[in-house]
Amino acid sequence: MAVDLSSLRPLLSPGARIDENVTTTLPLRLSEYKAPQPGGIVHPATEKDVQTTVQWAIAYSVPFLVQNGGNGWATTFKLNHQGILIQLDQMRAIAFNVAGTEVTVSGGALVSDVVTAASARGSLVTTGTCNCVGQLGAILGGGFNNLVGQYGLGIDNLLALNVVTPDGLAITIKKPKTASAPSDLWWAMRGAGPNFGVVTSAVMKAYPVGNVARLSAWTGPLVFRPDQLEAVISALRNLSLTPLMAVAVTIINAPQPSIFATLFYHGSADAGRAAFKVLFDIKPVSDFTAVTPYTDWNAGSDTACIKGGRRPTWAVGLASLDPLTWRKTYTVWAELSQQPGAERSSILLNVLPLDKVRSVPDAASAYPFRNTVKFFASLTASYSDPAFDATAVSYGQKARAIWQATDGLAQHSTYINNAFGDENLKTIYGDSLPRLRLLKQKIDPHRRFNEWFPLS
Ligand SMILES: Cc1cc2nc3c(=O)[nH]c(=O)nc-3n(C[C@H](O)[C@H](O)[C@H](O)COP(=O)(O)OP(=O)(O)OC[C@H]3O[C@@H](n4cnc5c(N)ncnc54)[C@H](O)[C@@H]3O)c2cc1C
């Protein structure tokens, strides 16, 4: 029997909504593969509603899980019909201070909400690079973005977090005055946040643009043929990225196999073309780059945001790029994407300038791979028939093993937000694992937040 929420309803504000008897697959998620299957969904309207819901769940021993953008593809979700989803979709407010130097982001805001508000205010804010992604869902794991070279990771831009703790308390934690001694919870939330509480809102740094031209960037894809893969990978391996640059390479059928290198340069077209000359030298078959307003920077990835179907994903961090390895993973992808129903499967490679990220000490946050990982790669199997799951897993694991064989790292790694769920926990949490485990015992001894690559 699904969970009985009748005693919760009177405790919530009038704006809160409850969906009971949720029996079908959750419609709000990017991937249905191993998705949570709640018995009920609570849509809080206020931060107090979140706290009340957590306290109610604790009192009635009802398992719960928070959902922001619904894009997490982890296979570690356990929530079933005995539990509830706390869906933050009614909490999407964004508010800037008068100077435009700080922004308060509600727990359910999406990247698109933040970008729209930031553009209207004339400030830049670190977000993910896809509009549908939950702003805090992305940032609590680290938060990579096109502005990472200038402003660092999303977690490095946090100033305060309002958190409902595993005890049901509502607390505010703030960035400490000195970086050397972050409190336990401040350290843990930034890199492993979903294991330690619900963030109902966060205060982040914002960067007012003095010059309106800075609300534009030169961005868009160059398209290459599959036989140009080695040249593209070699060029990216040797490319020295300035803080104004970022690259995302997607390999996908469009409709024939194609390599899309989406370039980002926070400046003019001429400067961008000069900065990425090595890629133009390879002679792309198409060039869709253009000077683009801030509100449209993420538009090119909107198709990656379409909800539904199955999208298990296997991801790795890499210290180097090996063209031969990429030819091998390309072959795995090509076989996978020739299978009927799996034609939209894809490979993604992110190449980012990381000096700013590395200027922050490792000990400042739980995010573990500042000084080792240089590139982020993943393979997504995209299909809809559950009968294809086992085949998809075999392709995904194969591609991951090929990448890992030449990852150039002493310890395999994956960005937590891209992890699958079968990895060794050290691969996800790196050297932060022992401290995180101790903190888990202390902060969440009853393991109420235990669905996102659990620390036990
Ligand atoms: C199309 C696409 C593009 C992406 N682009 C980027 C990118 O540019 N940069 C990047 O860093 N990552 C990116 N990612 C990865 C992304 O960071 C993760 O998928 C992230 O987990 C998604 O967060 P969500 O809120 O959308 O998903 P959800 O599934 O809702 O949340 C993911 C996890 O975070 C927890 N969580 C969410 N909100 C809160 C909260 N307020 N308090 C506590 N816990 C919370 C959830 O409980 C869940 O465990 C992308 C993913 C996709 C699918």
Side-chain angles (χ1 to χ4, degrees), residues 26 28-31 34-36 38 44 47 50 54 64-79 83 85-89 91-92 105-115 126-148 153-155 161-166 188-202 246 248 250 262 264 297-298 300-307 309 311-313 315 346 348 350 352 357 367 376 378 380 382 414-421 448-454:
L26 207 55
L28 299 168
R29 296 200 67 83
L30 181 88
S31 174
K34 309 257 181 190
E47 300 196 29
V50 177
V54 170
F64 60 90
L65 174 71
V66 180
Q67 182 166 291
N68 181 358
N71 292 287
W73 53 63
T75 59
T76 52
F77 294 120
K78 296 181 287 284
L79 197 74
L85 191 77
I86 303 175
Q87 166 65 36
L88 301 176
D89 55 347
M91 296 173 56
R92 293 170 61 175
V105 178
S106 297
L110 304 180
V111 164
S112 55
D113 299 324
V114 181
V115 170
T126 55
T127 64
T129 55
C130 282
N131 285 323
C132 58
V133 169
Q135 171 75 352
L136 286 169
I139 282 179
L140 293 177
F144 287 92
N145 56 84
N146 282 330
L147 300 173
V148 77
L153 291 173
I155 50 171
L161 294 170
N162 291 314
V163 182
V164 174
T165 69
M189 289 301 297
R190 292 171 314 121
N195 287 288
F196 292 96
V198 189
V199 178
T200 53
S201 61
T250 307
T262 298
F264 178 90
W297 288 358
N298 297 339
S301 53
D302 281 350
T303 49
C305 280
I306 296 167
K307 299 269 196 270
R311 315 266 189 97
T313 297
S346 58
L348 177 66
N350 287 107
L352 297 163
V357 174
Y367 176 75
F376 304 86
S378 58
T380 297
S382 188
T414 186
Y415 174 34
I416 183 170
N417 284 0
N418 291 352
F420 183 70
R448 290 174 176 139
F449 289 82
N450 220 28
E451 304 237 351
W452 190 242
F453 312 105

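The structure displayed is predicted, hence computed values, not measured ones. Atoms within each ligand, like the ligands themselves, are counted from 1 in listed order.
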S.K.: Could you find the nearest protein heavy atom to atom 16 (C) of ligand 1 and give me its residue, atom name and distance?
M.R.: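 Here the nearest protein heavy atom works out to Asn417 CB, 4.0 Å.
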S.K.: Identify the protein heavy atom lying closest to atom 42 (N) of ligand 1, giving its residue, its atom name and the separation to 0.1 Å.
M.R.: Val199 N, 2.9 Å
S.K.: Heavy-atom contacts with Arg29 under 4.0 Å: which atoms of ligand 1 show up? List them by number with element.
M.R.: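 So the atoms of ligand 1 that pass are 29 (O).
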S.K.: Between the main-chain N or O of Gly143 and the side-chain N or O of Asn145, is there a donor-acceptor pair closer than 3.5 Å?
M.R.: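 Yes: the side chain of Asn145 pairs with the backbone of Gly143.
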S.K.: What's the shortest distance from atom 47 (O) of ligand 1 to any protein heavy atom, and which residue and atom give it?
M.R.: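 Nearest neighbour among protein heavy atoms for atom 47 (O) of ligand 1, to 0.1 Å: Val66 O, 2.6 Å.
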S.K.: List the closest protein heavy-atom neighbour of atom 20 (C) of ligand 1: residue, atom name, distance to the nearest 0.1 Å.
M.R.: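 The answer is Gly137 O, 3.7 Å.
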S.K.: For Ser201 and Gly107, indicate whether the former's side chain and the latter's backbone hold a donor-acceptor pair under 3.5 Å.
M.R.: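 A pair under 3.5 Å: no.
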S.K.: Any nitrogen or oxygen of Asn71 lying under 3.5 Å from a nitrogen or oxygen in ligand 1? Just yes or no.
M.R.: yes
S.K.: Can you tell me which residue and heavy atom of the protein come closest to atom 24 (P) of ligand 1, and the distance to 0.1 Å?
M.R.: Gly69 N, 3.5 Å
S.K.: Just to be sure I'm reading this right: ignoring hydrogens, which of Leu348, Asn146, Leu140 gets closest to atom 45 (C) of ligand 1? Compare them by their nearest heavy atoms.
M.R.: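 Looking at heavy atoms only, the winner is Leu140.
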S.K.: Would you mind listing which atoms of ligand 1 come within a distance below 4.0 Å of any non-hydrogen atom of Leu65?
M.R.: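 It comes down to these atoms of ligand 1: 47 (O).
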S.K.: Kindly write out the residues that satisfy side chain to side chain contact (heavy atoms under 4.5 Å, CB included) with Arg92, not counting sequence neighbours, or none if the list is empty.
M.R.: Leu110, Asp113
S.K.: Give the atom numbers and elements of ligand 1 that come within less than 4.0 Å of a heavy atom of Gly128.
M.R.: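 Every atom of ligand 1 under 4.0 Å from some heavy atom of Gly128: 7 (C), 8 (O), 9 (N).
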S.K.: Give the atom numbers and elements of ligand 1 that come within less than 4.0 Å of a heavy atom of Leu30.
M.R.: 53 (C)
S.K.: Is there at least one pair of N or O atoms, one from Ala304 and one from ligand 1, spaced under 3.5 Å apart?
M.R.: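 Between Ala304 and ligand 1 (N or O atoms, distance only) the closest approach is not under 3.5 Å.
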S.K.: How far is atom 3 (C) of ligand 1 from its nearest protein heavy atom, and which residue and atom name does that atom have?
M.R.: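 Residue, atom and distance for the closest contact: Cys130 SG, 3.2 Å.
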S.K.: Take atom 13 (C) of ligand 1 and look for protein heavy atoms under 4.0 Å from it; say yes if you find one, no if not.
M.R.: no
S.K.: Would you mind telling me if ligand 1 is within reach of the side chain of Leu88, the backbone, both or neither, using heavy atoms under 4.0 Å?
M.R.: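 The answer is the side chain.
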S.K.: Not counting sequence neighbours, which residues clear side-chain hydrogen bond (donor to acceptor under 3.5 Å, both in side chains) with Asn417? List them please.
M.R.: Tyr415
S.K.: Counting heavy atoms only, which part of Ile139 comes closer than 4.0 Å to ligand 1: side chain, backbone, both or neither?
M.R.: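 None of Ile139 does.
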S.K.: With heavy atoms of Gln67 as the reference, note each atom of ligand 1 found under 4.0 Å away.
M.R.: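 That gives atoms 30 (O) of ligand 1.
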S.K.: Can you tell me the protein heavy atom closest to atom 38 (N) of ligand 1 and the distance?
M.R.: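 That would be Asn68 CB, 3.2 Å.
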S.K.: For Gly70, take its heavy atoms, then give the atoms of ligand 1 lying under 4.0 Å from any of them.
M.R.: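 That gives atoms 24 (P), 26 (O), 27 (O), 28 (P), 29 (O), 30 (O) of ligand 1.
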S.K.: Is it true that Cys305 and Cys130 have SG atoms closer together than 2.5 Å?
M.R.: no
S.K.: For ligand 1, which atoms, with element, lie under 4.0 Å from some heavy atom of Ala138?
M.R.: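 Taking each heavy atom of Ala138 in turn, ligand 1 has 17 (O), 23 (O) under 4.0 Å.
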S.K.: Using protein heavy atoms only, decide if any is under 4.0 Å from atom 31 (O) of ligand 1.
M.R.: no
S.K.: Establish, yes or no, whether the cationic atom of Arg29 lies under 6.0 Å from the six-membered ring centre of Phe77 and within 45° of the ring axis.
M.R.: yes
S.K.: Which of the listed options, Ala202, Pro194, Gly72, Ala248, holds the heavy atom that is closest to atom 35 (C) of ligand 1?
M.R.: Pro194
S.K.: Can you tell which of Leu136, Thr303, Val133 gets a heavy atom nearest to atom 4 (C) of ligand 1?
M.R.: Val133
S.K.: Going by distance only, is there an N or O of Phe77 that falls short of 3.5 Å from an N or O of ligand 1?
M.R.: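 N/O-N/O distance below 3.5 Å does not exist for this pair.
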S.K.: Consider only side-chain N and O atoms of Asn450 and Asn195, and report whether a donor and an acceptor are under 3.5 Å apart.
M.R.: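 Their side chains do not contain a donor-acceptor pair, so the 3.5 Å distance test is not met.
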S.K.: Among all protein heavy atoms, pick the one closest to atom 6 (C) of ligand 1 and tell me residue, atom and distance.
M.R.: Thr129 N, 4.4 Å
S.K.: Which is closest to atom 21 (O) of ligand 1 by heavy-atom distance: Trp73, Tyr415, Phe453, Trp452?
M.R.: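 Considering heavy atoms of Trp73, Tyr415, Phe453, Trp452, the nearest to atom 21 (O) of ligand 1 sits in Trp452.
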